[in-house]
**Student:** 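Provided herewith is a single structure, encoded as structure tokens, for subsequent inquiry.
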Amino acid sequence: MINALQTILLLLLAVVALLGSRWGYLLYLRLFTREQLKRLDNTSLEDLRFSFDRMVYAIPLPTNQPSIVQAEKERFRIVEDFDSWIYPRLNGVRVLLKPKQGEELLIAYMSADQFRVPVLDRLLIDGSINRQIYRRISATKLTMLSTKEEIIGEVYSKIHNKRFS
Amino acid sequence: MIPLVATLAGIVFLAGSFLRFYLPLFWNKLLLCVCSFVLMEVILKNDFGDFSLFLNGSFVLLASYSFSWYGALISVLLITLLPYNGAEIQWYPMPMTVLLLTGVVGLVFHRQLRRKLASETVWQTQLYKQSRHLSILKEIGIAIQSTMELGKLLHIILTAITAGYGLGFNRALLFLIDESDSRLKGELGIGSMNEEEGIAIWNAVVNTRMDLGDFIDMKDEKQVHDYELNGLLRDTVIPITSNHIIGLAITEQKPYIVREIDRNDPLQLMIAARFLMTSFAVIPMLNQGKALGIIIVDNNINHEPLDLEEVDSIVPLAAQASIAIENSRLYKRTQQMSITDGLTGLYNQRYLQETLHKLAAQADQNGSPLGLIILDIDFFKHYNDTNGHLEGNKVLIELARIITKSVDKLHVPCRFGGEEFVVLLPETSLEGAQRTAEQIRSLVEQFPFHNAQSQPNGAVTVSVGLASYRHGMSIQQLQDRADTALYEAKRNGKNQVIVYREGA
């Protein structure tokens, strides 16, 4: 009986650990980044400013599609894009829109490789960090809730930007 | 009560599953496989019969998924060689087949993942890059249409190349071919001369959340930032010859990348020394096969190597820019033609009327003086009848030159029509205007015009009327007064300056 329980518990543990690889990876990113930022500049992750400049839009801008223009901000969501389940690596984030009617739409994509953080640019030029560390820190920033909210805000404002329309 | 070994195995597995992320991918995979193997061995210490095969199979699947056929082979060998796996697996055909088949399934997963990563990553990256370039082109296309002003156009083009939201080069310099078609002249540059300044600007851009449109709008402010670069650039003239890289880019009409400065090329040395460049790319600006100029880009801040694909992305932008520049020049030329007299090159009647309105309003507002000179060639019909209209035209052209030479930059010389000319003299006192009028009259009288002695008064001369603006006066009144003075000069025997005086 004890043996069976022990086996079930260990198996459960293995399944949870494998299926939860992405959460484990995100936790690792967070811890790694905090440690690096403390070592480098004593900057907090929350204070890192970033650029949307490499965000790619999957819809034409300016757009006049009613389902996009009339969509409330709450209908936008961000989904992380990983390349593998067991050995995850963040490729980027997708901005999706669930319109009132019809299929969910891909609106924009922010690649983790292209996600730029000026503080890290300076550290990279200084030689204080390498590209791998840059990528890990910027990927961490990209997965933060506040960053996701800002990205949705940026996408929403781009859709409603009337500069050239 | 869970035994200590099982607890330890669980802890080791959990720790390994997390700590593996600190390692490079190969070691990450290896650690996970080792931890899984340890866990499996602990579980299999209690004999579970057929369940052992399931566990072993899962391990083979994980190992082959992680390490391809190496993983499959080694995991099967480990399972068969180690004692805890039960005698039923060791070398019996059925369990072995199941394990090997599981290994093949893992291998397929591994291959698929690799193929997916290889192909999808490449095409997605390409697609995203192209999409980004397309949106930049679109935005720039719209921005370019918003202006016909050359300076603003150049600013938009270089912004698209350098701005964070644009193609992302650190610095861009634009040179245009001058009228002689033999040399390039530095026109505009965007970018910093040193890393610190570049990073500071980049920080400011990110903090203020500026996009490409904001960059385009901030023309004046941006130019202040790049004062040093533009100072150097405007002093730079490059002769177009085929023996240097820039000449080659123009004649062969394609971009060139200089990855390392050629110490034997004086032009490359000059560019490297002047703009502190270690590598750069030259992109010709072409419109219908004709070169208008070049764009030089470099990455002097982040020292990213210049990639031909990225440089190629400037080509359509440069082509679009070239059309816009040509259009702007044509527009400027047409605009100039609409306000100038074709024969003499002086301003025409339309421009005279427009400017007179503006200057009168300005004089009213500031209380500043405004003079108007009107002059007419004496016996011009006689000159034409005697010497022909071609010689008459030459007199008109020469007279225009004399007038232009005699007036200040502020003054506005115009051809009023026929042989009548007008000069508007803002910010000029009546005495000053009179001196100018007298100088023109005197220079004309002394000029050796062709067959001037055949004129009734022995020379080509002009009669001049002068009036000055009074507050509240209409511009028609001002012109009438100058005209009255001119007729007075004509009546008094010609070749003289008469100033209109009220009540006279």
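The chains referred to below are lettered A, B, ... by the order of the sequence lines, with proteins before strands, and numbering in each begins at 1.
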**Student:** Side chain, backbone, both or neither: which part of B:Y65 has an atom under 4.5 Å from a heavy atom of chain A?
**Tutor:** side chain

**Student:** B:E304 versus chain A, heavy atoms under 4.5 Å apart: side chain, backbone, both or neither?
**Tutor:** side chain

**Student:** In Å and rounded to the nearest 0.5 Å, what is the CG to CG distance from A:L13 to B:L14?
**Tutor:** 4.0 Å

**Student:** Please classify the contact between A:L10 and chain B as side chain, backbone, both or neither, with a heavy-atom cut-off of under 4.5 Å.
**Tutor:** both

**Student:** Between B:R20 and A:S21, which heavy-atom pair has the shortest distance, and what is it?
**Tutor:** NH2-OG, 2.8 Å

**Student:** Indicate the atoms forming the closest heavy-atom contact of A:A17 with B:F13, along with that distance.
**Tutor:** CB-CE2, 3.4 Å

**Student:** Would the number of heavy atoms belonging to other residues, nucleotides or ligands and lying under 6.0 Å from CD of A:E103 be above 12?
**Tutor:** no

**Student:** Tell me whether the count of non-hydrogen atoms from other residues, nucleotides or ligands lying under 6.0 Å of CZ in B:F109 goes above 12.
**Tutor:** no

**Student:** Hey, could you give me the CG/CG distance between A:L11 and B:L55, rounded to the nearest 0.5 Å?
**Tutor:** 5.5 Å

**Student:** Counting only heavy atoms closer than 4.5 Å, note whether B:L19 contacts chain A via side chain, backbone, both or neither.
**Tutor:** neither

**Student:** Do B:T125 and A:D113 come close enough that some side-chain heavy atom pair is under 4.5 Å?
**Tutor:** no

**Student:** Treating B:K29 as the side-chain partner and A:Y87 as the backbone partner, does any N or O pair qualify as donor plus acceptor under 3.5 Å?
**Tutor:** no

**Student:** Rounded at 0.5 Å granularity, tell me how far OH in A:Y57 sits from CG in B:L134.
**Tutor:** 15.0 Å

**Student:** Which one wins on heavy-atom pair count under 4.5 Å against chain A: B:S131, B:S58, B:S66?
**Tutor:** B:S66

**Student:** Apply side-chain contact (heavy atoms from CB on, under 4.5 Å) to the pair B:Y22 and A:L31, showing each step before the final yes or no.
**Tutor:** CA-CA 10 Å; B:Y22 280 90; A:L31 295 175; 3.8 Å; yes

**Student:** Quick one: what part of B:Y128 sits under 4.5 Å from any heavy atom of chain A, side chain, backbone, both or neither?
**Tutor:** both

**Student:** Verify side-chain contact (heavy atoms from CB on, under 4.5 Å) between A:S111 and B:K129, making sure each step is shown before the conclusion.
**Tutor:** CA-CA 11 Å; A:S111 161; B:K129 211 185 270 182; over 6 Å; no

**Student:** Minimum heavy-atom separation for A:D83 to B:L113, with atom names?
**Tutor:** O-CD1, 3.6 Å

**Student:** Need one label for A:L18: side chain, backbone, both or neither, based on atoms under 4.5 Å from any heavy atom in chain B.
**Tutor:** side chain

**Student:** Is chain A contacted by the side chain of B:L127, its backbone, both, or neither, given a heavy-atom distance below 4.5 Å?
**Tutor:** neither

**Student:** Side chain from CB out, backbone as N, CA, C, O: work out which of these in A:L124 comes under 4.5 Å of a heavy atom of chain B, or both, or neither.
**Tutor:** neither

**Student:** Heavy-atom distance under 4.5 Å to chain B: side chain of A:Y109, backbone, both or neither?
**Tutor:** side chain

